[in-house]
Each structure stands twice: as C-alpha cells, then as structure tokens.
Visitor: 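Pasting in a structure now, in structure tokens, and then I'll have a few things to ask.
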Amino acid sequence: MARHLITSALPYINGIKHLGNLVGSQLPADLYARYLRGRGHEVMFICATDEHGTPAELAAAKTGEPVAEYCARMHAEQSKLAAGFGLSFDHYGRSSSAQNRWLTQHLAGKLDEAGLINEISEKQVYSIDDGRFLPDRYIEGTCPNCGYEKARGDQCENCTKQLDPTDLINPHSTISGSTNLEVRETKHLYLRQSAMKDQIAAWIDSKTDWPVLTTSIAKKWLFDGDGLQDRGITRDLDWGVPVQKGDQPWPGMEGKVFYVWFDAPIEYIGATAEWADANGGDWERWWRTDKGAGDVTYTQFMGKDNVPFHTLGFPTTIMGSGEPWKLVDYIKSFNYLTYDGGQFSTSQGRGVFMDDALSLLPADYWRWWLLSHAPESGDSEFTWENFQQSVNKDLADVLGNFVSRITKFCRSKFGEAVPEGGAWGEAERDLAAALTARIRAYEGFMDGMEVRKAAGELRAIWVLGNEYLQAAAPWSTFKEDPVEAAMQVRLGLNLIALYASLSAPFIPFTAAALREAMNSGDSWPDDIDTALSALPPGHAFTVPDNLFAKIADDEREEWTERFKGIRA
RNA sequence: GGGCCUGUAGCUCAAUGGUCAGAGCAGGGCGCUCAUAACGCCUUGGUUGGGGGUUCAAGUCCCUCCGGGCCUACCA
C-alpha cells in the first residue's frame, strides 16, 4: 500500500464552472483518486475554491454582496455541484481560510529570509471613480498602432501589438467606463524566480516522464527571451491575504494583499490543514518530508493554462523557502474541451455548465463522456450528437443492457438468487483469461493516467460480457441442460459484480447501484477466479431498474437549441 | 511578431522510423431472441492537409506552404 497525495487545480470562485473546467482537472483527479483507493492505497485528495483577486471583488460588487459573503455563498454552491458530480475530495477547502493565510504569510517570510523577495516601486493606472488600481486588462482605449477602439491595456486584440496602458488613446475603465484615470506610484513585492531559474530548470529536466504539454510550457517560460522573470506577488486590493512576514508586519506594505496566484497553490497545503483541523488528522505527514511525507507520491491535475504557475511559481515558493516541503512528483495537464466549434467561456456564458448538466442527466452520463473523451493529446470537442451516441451505445447498450439481460433471465428461470450447479468449461476459462489480460491493461492505463485509453479498455471489458453471453446462450442451454445454464448465469451475475468494482472510478453512482442490487462488495479483482466466484450459489440479488435511459433525438435537439447561445 | 500543440476513414481517436495505417461509432449484410429494437459475427470505407527532402524503410524525421488551437508573464 502506497500513499498518494492528489490535488486538482482550484476552480475560481467566480461563478459556476463549465464542463471544460471540470474535465481539465477535477474530474480526472477524481478518477485517479477513486482508482487508487479502489486498489487499496491511502489517498489524500484535495481541492478548494480559489477566492481572491479582482474578478471575485467585481462579481461580488455586481450582486451587491460583501465579497466575503459572496465567496461563502459560491463556495457552498460549488461544493454542492462537486458532490453532485461525485467528486470525492477528502477536503474541499477555501483559499480564504485562516490556515491558508497563515501558510502564505509564513512562506513569504521564509522567502524574504532567503533573499528571494525584492521590493519594487512602479507606476500603475488608478481609477479614481472605481477607487482601485486597474489591471491592464481592465483598461480599454484606442490602439495607437492600428486605431482599434477596444484595445486592452496589455495588448491590442486587433493588431496583436503589446501595449502599455499609458499608450492607449482615450483610455477608460472597463469596470465603470470612467475616463477619470491617473498613474500612481505603488510598491510591490516581487518573487525572484530568476534567482531560482537554474534549480527549477534542473528539476524540470529530471521529469522525463511528464506530459510534453507540461514540460514544453515550463521550458518556454524558463528559456524564452531573457529567461524566467521575477514576478509580482502582491496587489493593491482589499480582499486577499494581508501582506505580512510570517506573523510580523511588512513595513511599507500596509493595506496590500498577496497576489491570488501566490496564495492559490499554497491552499493545496492549506486545505489539507483545514482537513486536519476538521477531522483531527495530521496534515504534515502529507506535506513535510521531515514529518512523514517522504513516502508520499504527489500528483497534480490541471488545464494547460495552469501549468506555468505549477511548474515555476509554486515550486519556486516551495524550494525557495528552504524548508522541507513535499514537491510535486507528476503533473498531469489537459488541453481544452471546446463546445460546438468555439470555446467554453465562463465570462461569456457559452457552453454547458455544471448545474445545467446535472439538471438534464445523472452525473455518470457526463463523467463517462467527459473522461472517455478527455482532451489529452489535443483540444477535443463536445457536440450533443457525439454525446448522445456515446452515452446511448456505451452506457445504455453495452453495459446497461448487459446487466438487464442477465438479471432478468436469471429471475425468470432461477429466481432472484445466484443459481447453483455446473462447472466451468473451456469457454469460461477463455473468458477469464481475456478478462485478466484486459484488466491488467486497464490497470496499466489507470496507473499511467491515460484516461481515454483506460476508458476504452473498460468498455472492452464490458463487451466481453456480451460476447460471452452470446456464445454461451444460456437461454438455449437451459432447454437441454439447466445445470449448465445455471453455471453460465452464475458467471454472468458475477461479471456484474466485477464490473461494479472496475467501473466505479468512472461511474461511481452506477457502480453503487450495481453493488446494492447484487449485494456485492467492492474489492479489486486481483485474481479473476476469486472475483468471478464472489457471489456464491444462493446469494440473493435484486433486478435493478434500467441503469441508463437513452437520450432521445428530440431531447438532443432541444438541448442543442437551448444551449447554443450564451446563458444569462 | 515569437513559442508550443495540432491536421490520419463520414465522426471521435490509435499507431517505440519497420508486416497490408488500426479501434469505437455511423453505414451495409448475416445470425440470435435472454435483454433498454438491445447483443454477436462479418463487412464497406484512407494518395495520413498540399509540395519537396533524408532513409533500405516516413503517418512518424527535416524544409516549405495551407488550415485549426493555445500561450506570450497585471484575467485567473
């Protein structure tokens, strides 16, 4: 038994997440966590809401709530949706927690002691009417280069020229529209990533088994142009972790907070501490190599947009602190899921969101489609037609109908208990051998986090059941040799119990329903003969309701229409 | 502009430089009747985006052109 720490990229607090967010981090992380638990490993699966930053403040202002209340409400809502999708976090924390505040301030203090913090005075645009400094992207004006009127402060979307906000003609705040802007001097802390460049580069170089997507993004940032740059880690905002050196004040930084990207990854640790405080556990044995975390394998899941922060910023924080924190062992990164040709977009309300999804269909439908089409090698596209076909064929026909045909046949001929008599012949031994080969392949893909291939292998395992049943044909055998048919049916019923265990990481709700119907346990099939005799003769079961209703054409058409625009 | 990823069957995707480029779905045929008209077997379908090059051998490596996507450090 090994110990696995698993973290999913933190969903931002600003609104309900869409299916693209879900498949890029939380869902595959859950798949892996469930699988490892199923194999008997000790797992700590952590996620949290990322609650700081300008967008959270603006979203709260829009609803008229104090930002703390807004975040509390949205956290509760996201927790509920996460539970609805079966995301099996050991703890779903909040980056605004006291634990994270303490850790963030502590690490900043250690980085300062190590000489890795610079104080830099700089000029930024301040909006007098908004009462806040404006990030470059919140300033719009006319591009001095091409005359495009909606150029942003950082870059003109029209001519792609890099801009400084002061370059813009007629600049205004995108928050209020105000043109009452001025340039003010402000002091910020910078994390000296450049000083850690060689150490980070050597570390990345040692990770030869990481996805290309992960290492190529990291290397681009490390070596492009002048190489890894220092990064501002503070902001002039009200909502966030107050800038302190540990528990001491930071002279000159009063009223400022740490940048959301400094404190967000630290919340992986913070959330584990939250878990420990809530459950009486020990978080340090997961995070401190001097306190028991030496045998932990740490895996992070995230979308590609998060990779720079996890390969450069957070490791700089961890390594630079000089303390024995646990570093990530493997970063599994994902491309994007697109929606009918374009991007899913939280800000534009484009695509299918987690709450919509659960209102239409049970979580397992979505889990299966999303995981079996996970954007691993490149962006992948969600279309309603593809979704309908996959779900109907894979879940309803291949798996659902298999369960239905064997349980109903048994009930009509033998009653609702596992029938006795008969012994395996060649067909059964062949099936067992085929199952073993496929299960070992499935385990290999799951160990390697090859999500789509694992889904394909699982489906192939389901298909083996139908092939066997078709060849054995107990409905024919029964007429000549009821004892032989009893053996075939008994094997079929045991296959259902086997499928419940194997499928649980992908479709946990269905797996639970199967276990309940079959009165079976959830042990992993290390040995196929044992697994296929888990339900002994006489073992009572019930015929479950159809596991999956098919998606009808008119439903698909209605949903296609309903979700084609942008949602309010 | 720069960097990275990507283009393979109608669709979604596979293929350490090495048999005849493979699966699933969709399409066609046959079988079966336990089952959610479900299942099984067989089968049609490809100049691997275009062009050039390296090699005994290229989907794979190099160059070039075309198309799609992402990132580019103050959105997170």
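Being a predicted model, the structure only gives us computed values, none of them experimental. All chains are named by letter (A, B, ...) in the order of the sequence lines, taking the proteins before the strands, and each is independently numbered beginning at 1. Hydrogens, waters and symmetry mates are skipped; everything else that's a heavy atom, side chains included, is used.
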Visitor: Hey, does the side-chain of A/Asn401 have a donor or acceptor N/O within less than 3.5 Å of a partner on the base of B/A35?
Guide: yes
Visitor: Can you tell me if the side-chain N/O atoms of A/Ser412 get under 4.0 Å from OP1 or OP2 in B/C34?
Guide: no
Visitor: What does B/G1 pair with, Watson-Crick or G-U, if both distances are under 3.5 Å?
Guide: B/U72
Visitor: Which whole-number value in Å describes the distance from A/Lys408 NZ to B/U36 C1'?
Guide: 7 Å
Visitor: To the nearest angstrom, how far is A/Asn466 atom CG from B/C41 atom C1'?
Guide: 13 Å
Visitor: Send over the distance from A/Lys220 NZ to B/G69 P, rounded to a whole Å.
Guide: 19 Å
Visitor: Taking the cut-offs as 6.0 angstrom to the six-membered ring centre and 45 degrees off its axis, would you call A/Lys17 and A/Phe353 a cation-pi pair?
Guide: no
Visitor: Base, sugar-phosphate, or nothing for A/Phe309, non-hydrogen atoms under 4.0 angstrom?
Guide: base
Visitor: Counting just side-chain N and O atoms, does A/Lys453 come under 4.0 Å of either OP1 or OP2 of B/A15?
Guide: yes
Visitor: I'd like to know whether the aromatic ring centres of A/Phe382 and A/Phe387 sit less than 6.0 Å apart in this structure.
Guide: yes
Visitor: Would you say A/Phe409 stacks on B/C34, if stacking means ring centres under 5.5 Å apart and planes within less than 30 degrees?
Guide: no
Visitor: Does any nucleotide pair with B/G67 by Watson-Crick or G-U wobble geometry, both distances under 3.5 Å, and what is it?
Guide: B/U6
Visitor: Identify whether any heavy atom of A/Pro474 sits under 4.0 Å from a base atom; if not, whether one sits that close to sugar-phosphate; answer base, sugar-phosphate or nothing.
Guide: nothing
Visitor: Under 4.0 Å: is that the gap between some side-chain N or O of A/Tyr259 and OP1 or OP2 of B/A73?
Guide: no
Visitor: Could you tell me the Watson-Crick or G-U partner of B/G59, where both distances fall under 3.5 Å? Say none if there is no partner.
Guide: none
Visitor: Closest approach to the side chain of A/Trp221, judged atom by atom: which nucleotide of B/U72, B/G40, B/C75 is it?
Guide: B/U72
Visitor: Round to the nearest Å and state the distance from A/Arg452 atom CZ to B/G24 atom P.
Guide: 17 Å
Visitor: Can you tell me the distance, in whole Å, between the NE2 atom of A/His373 and the C1' atom of B/U12?
Guide: 5 Å
Visitor: Measuring from the side chain of A/Asn546 (C-beta onward, heavy atoms only), which nucleotide among B/C32, B/U36, B/A73 has the closest atom?
Guide: B/U36
Visitor: Paired with B/A23: which nucleotide, if any, by Watson-Crick or G-U wobble criteria at under 3.5 Å for both distances?
Guide: B/U12
Visitor: Looking only at the side chain of A/Trp475 (C-beta and beyond, no hydrogens), which of the listed nucleotides B/A73, B/C32, B/A76 gets closest?
Guide: B/C32
Visitor: What contact category does A/Gln388 fall into here, base, sugar-phosphate, or nothing, at under 4.0 angstrom with non-hydrogen atoms?
Guide: nothing
Visitor: With respect to the phosphate group of B/U33, does any side-chain polar atom (N or O) of A/Arg405 fall under 4.0 Å of OP1 or OP2?
Guide: no
Visitor: Whole Å only: how far is the CG atom of A/Asn386 from the C1' atom of B/C13?
Guide: 10 Å
Visitor: Consider the side chain of A/Lys550, meaning its heavy atoms from C-beta on, and name the nucleotide among B/G3, B/C75, B/U36 that approaches it most closely.
Guide: B/U36
Visitor: Using the closest heavy atom to pick a nucleotide of RNA chain B for each, name whichever of A/Leu469 or A/Tyr12 lands nearer the 5' end.
Guide: A/Leu469
Visitor: Would you indicate what A/Ser377 reaches in the nucleic acid, counting non-hydrogen atoms under 4.0 angstrom: base, sugar-phosphate, or nothing?
Guide: sugar-phosphate
Visitor: Begin from the C-alpha positions of A/Gln388 and A/Arg556 and carry the test side-chain hydrogen bond (donor to acceptor under 3.5 Å, both in side chains) through to its verdict.
Guide: CA-CA 7 Å; A/Gln388 178 196 24; A/Arg556 185 203 68 211; 2.8 Å; yes
Visitor: Are side-chain N/O atoms of A/Ser121 and A/Glu185 paired as donor and acceptor at under 3.5 Å?
Guide: yes
Visitor: Could you tell me whether A/Val463 contacts a base, only the sugar-phosphate backbone, or nothing, with contacts defined as non-hydrogen atoms closer than 4.0 Å?
Guide: sugar-phosphate
Visitor: For B/C39, does either OP1 or OP2 sit under 4.0 Å from a side-chain N or O belonging to A/Lys393?
Guide: yes
Visitor: A/Phe402 pairs by side-chain contact (heavy atoms from CB on, under 4.5 Å) with which of A/Leu464, A/Leu469, A/Val463, A/Thr407?
Guide: A/Leu469
Visitor: Would you say CD of A/Glu480 has more than 12 non-hydrogen atoms from neighbouring residues, nucleotides or ligands within 6.0 angstrom?
Guide: no
Visitor: If B/C39 has a Watson-Crick or G-U wobble mate with both distances under 3.5 Å, name it; if not, just say none.
Guide: B/G31
